[in-house]
Structure formats: C-alpha cells, structure tokens
There are 2 protein chains.
Amino acid sequence: MRLSTKGRYAVTAMLDLALNGKKGPVTLAEISENQGISLSYLEQLFAALRSKDLVRGVRGPGGGYYLGKSADEISIANIICAVDEWVEFTRCGGRQNCSGGARCLTHTLWDDLSSEIFNFLADISLGDLVRRNLGKKDEEESNLSVVANSSSQAA
Amino acid sequence: MRLSTKGRYAVTAMLDLALNGKKGPVTLAEISENQGISLSYLEQLFAALRSKDLVRGVRGPGGGYYLGKSADEISIANIICAVDEWVEFTRCGGRQNCSGGARCLTHTLWDDLSSEIFNFLADISLGDLVRRNLGKKDEEESNLSVVANSSSQAA
DNA sequence: TAAATACCGACTGATTTACTAGGTAATAGA
DNA sequence: TCTATTACCTAGTAAATCAGTCGGTATTTA
C-alpha cells in the first residue's frame, strides 16, 4: 500500500465528483478550478481511474465525468490503487528462502501491517465520506459554535 | 499522512531492531545485511529516527543502536512521521477563505480521512507487531499445515 | 594504537511528481 | 454542416524524491 500526494489528488478529485455529480456530468475544468489541480494532471489521473471503471467520461458539449459506479461501491483503496501502482516490497514473495528467516520474519510483519492498512482503506467508501460530511454540516448548522474541531489535527 | 517506500524501509529496520535488540545493540551493518538495505541509506534513516528519539546510538566496537524507548511506546505513525516529512496538503489550512467552499469542503473531508489513517497507525506499536508475530509463530509450530495464510494478500 | 562503530556531508542516476504544450476524436447545438 | 466543447492521447520537462556511493570525522573498546 502506498499513500502519496498523487493518491490524495485522486481522492480529492473523486470526492469533488461525488459531491457535484448529482445532477449531471462534471468537467475536469470544473474540478481543476475547484481543487486547484492542473487540468492535464487531472487528465492523467482520470485516465487511470477510467481504466479501473471508477469514472465514466462523456464527450462533447455538456459532457464530463460521472462516477463509474455508486459512491458506496468505490472505496478509498480502489482510488489509491488505481493511480498509485505499488510494487511488491518483499523480494522474497511467497518463497521462504530469503536470507535465512530474519528478513522474511520482518517482511511478514510488514505484509500483515500493510494488509491491515489496505483493509482499513477498503472499508471506507466515497459514500461514507460524503455522508459523514453532510452529517457534520447539519451539526454545524444547528450549532454554529462548533467549528472544524477535527480538521486541524495532525496528519 | 504519507506512506512511501522510505517509510517502509524505516518500519522494517525498526522491526529488525525490536526483534534483534533484546540482548545488546544492533549495528546498521547487521540490519543492512538482514534487510537488504544499503548501509548509507540506513544511516540517513537512522539520523531522522535518532532526532525523534526513536533510536539511540552507541559508538565504538560492540556499539550499535538501541530502541530509544520501549517497543510499546513507539507507534508505526511515529516511525513514518520521523522519516517522511509531509507537507500540509490543504493550502487553506485553518483559514476558511479558500475558493468559496467547494474546495474547502473536499479538503475537510480529506483532512478527516487523513486523521483517521494517522490515528489508525498511531494505535499500532512496534511491540504489537512483534507480539502478533510471536503468537503466529507458536500457532504455526503447533499446526504446521497452516502456512502464511495472510501474507500473500493485496497491499 | 588499531579496529569498529556511529555520525556527517556532498554528490548522483533513476524515478516520480505535477505540470505545459499540442494535438485528435466525439458530440451537442446553432 | 459548422463550431464550440469536451474527453482523450502523446511527448516533453523542471523539480523533488529515492536509494545509493564515496569519503570522510568522532568516539569507544581492546
């Protein structure tokens, strides 16, 4: 699992699409404007997202992008994996012959942790994020004194 | 939060240290040998880890590195943050004036998710990983037909 | 004193990031 | 049918990062 700024751009763009795509396709120009990401970079990201069927493009005037499936069917892990190809870290793979145990032991530990991170992100969908925010928005509207209490935290 | 190969190297090296450092300091040469990481690269990583008090170096023959605190006090997030300086993604920071809502809304969603990932990794300590593996090892010894059932998974 | 180790800084090829430039293909609307 | 709008595609690029080499200095043990 790999989590880089590229993955962040992709998740951010997909969030924008999920939020604004309710009543028609969203153009990359809009996302570029909204999120401050260059148009051509978005094109590259969306080429990868499209190849994994996470988005669907419509050409011509009035065109743009739809989500490829419902927001609930798209996990954060899906998005990150689409744009961030990650190579296998452990050279030993399934083979058990890697430098006599010490290395493989550590690799197994890393693999387990890596799987956990992956499963954690696979359990969060775009839909979850959107709903979570709508809930918070209602909360803020009904109680204006509570302002962004979690967005300033580390990470 | 950022999770790159650099972070993986650091976590792997720290795991090696936690596993082999029971009865004395571990040299970078040993870790280099065990994990297949170049010595000089390890030196760079350990300079960062040392500056965060995650490891403690001892010079001279018989020297090497100890963990800077107990394995239970060192989280995976600590390690990754030490070597992977990550810049703030959202240019708006705490300010609310960023391009009229649409961007900031998405940024807030990302920040929340990012915090969740961070907290997830902050809740896993080196000690947890080591104990988890020792448990599995016992299990394998008592039931040899069960072989590496989770290490081949995605991520 | 010699060897082993941490510690330090400069440099480097390869890769990735984020972007620019310059197109072609498809389609809606005039 | 023409034109504007959009997706879609390829090539190139400056800057940063990755992972490493090289050549040291400082400290400590034997």
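Chain identifiers are assigned alphabetically (A, B, ...) following the order of the sequence lines, protein sequences preceding nucleic acid strands; residue numbering begins at 1 within each chain. Quick note: numbers below take in every heavy atom, side chains included, and nothing from hydrogens, waters or symmetry partners.
- Residue B:R50 contributes atom CZ, which lies 10 Å from atom P of C:dA6 at whole-angstrom precision.
- Taking 4.0 Å as the cut-off between side-chain N and carboxylate O, A:E43 and A:R50 do not count as a salt-bridged pair.
- Counting to the nearest Å, the P atom of D:dA19 and the CG atom of B:L39 are 16 Å from each other.
- Under a 4.0 Å N-O distance rule, the pair A:R131/A:D72 qualifies as a salt bridge.
- As a whole-Å value, the separation of A:E43 CD from C:dT17 C1' is 17 Å.
- In this structure, A:L3 atom CG and C:dT16 atom P are separated by 17 Å, rounded to whole Å.
- Toward the 5' end of DNA chain C, the nearer of the two residues A:Y41 and B:R56, judged by each one's closest nucleotide, is B:R56.
- The separation between A:L42 atom CG and C:dC19 atom P is 9 Å, rounded to whole Å.
- Mapped onto DNA chain D by nearest heavy atom, B:G60 and A:G57 fall at different nucleotides, with A:G57 at the one closer to the 5' end.
- Atom CG of A:L45 and atom P of C:dT17 are 10 Å apart (whole Å).
- Judged by distance alone with a 3.5 Å cut-off, a donor-acceptor contact links the side chain of B:S40 to the base of D:dC22.
- Here CG of B:L121 is found 8.0 Å from CD1 of B:I117. Values are rounded to the nearest 0.5 Å.
- In this model, the phosphate group of C:dT17 is approached by a side-chain N or O of A:R2 to a distance below 4.0 Å at OP1 or OP2.
- For the pair A:P61 and A:K6, both in contact range of DNA chain C, the more 5′-proximal nearest nucleotide belongs to A:K6.
- Linking Ile, Leu, Val, Met, Phe, Trp and Tyr residues whenever their side-chain heavy atoms come within less than 4.5 Å places A:I79 and A:V130 in a single cluster.
- Rounded to whole Å, the distance from OH on B:Y66 to P on C:dT5 is 13 Å.
- Across D:dA26, C:dT20, D:dC18, the shortest atom-to-atom separation from the side chain of B:S4 is found for D:dC18.
- Phosphate contact (OP1/OP2 of C:dA6, side-chain N/O of B:T27, threshold under 4.0 Å): absent.
- The side-chain heavy atoms of B:Y66 and B:P25, taken from C-beta on, include a pair separated by under 4.5 Å.
- Of the candidate nucleotides C:dT27, D:dG20, C:dT5, C:dT27 has the atom nearest to the side chain of A:R59.
- Minimum atom distance to the side chain of A:Y65 is reached by D:dC8, of the listed D:dG20, D:dC8, D:dC18.
- Between A:Q44 atom CD and D:dA7 atom P there is a gap of 15 Å when expressed in whole angstrom units.
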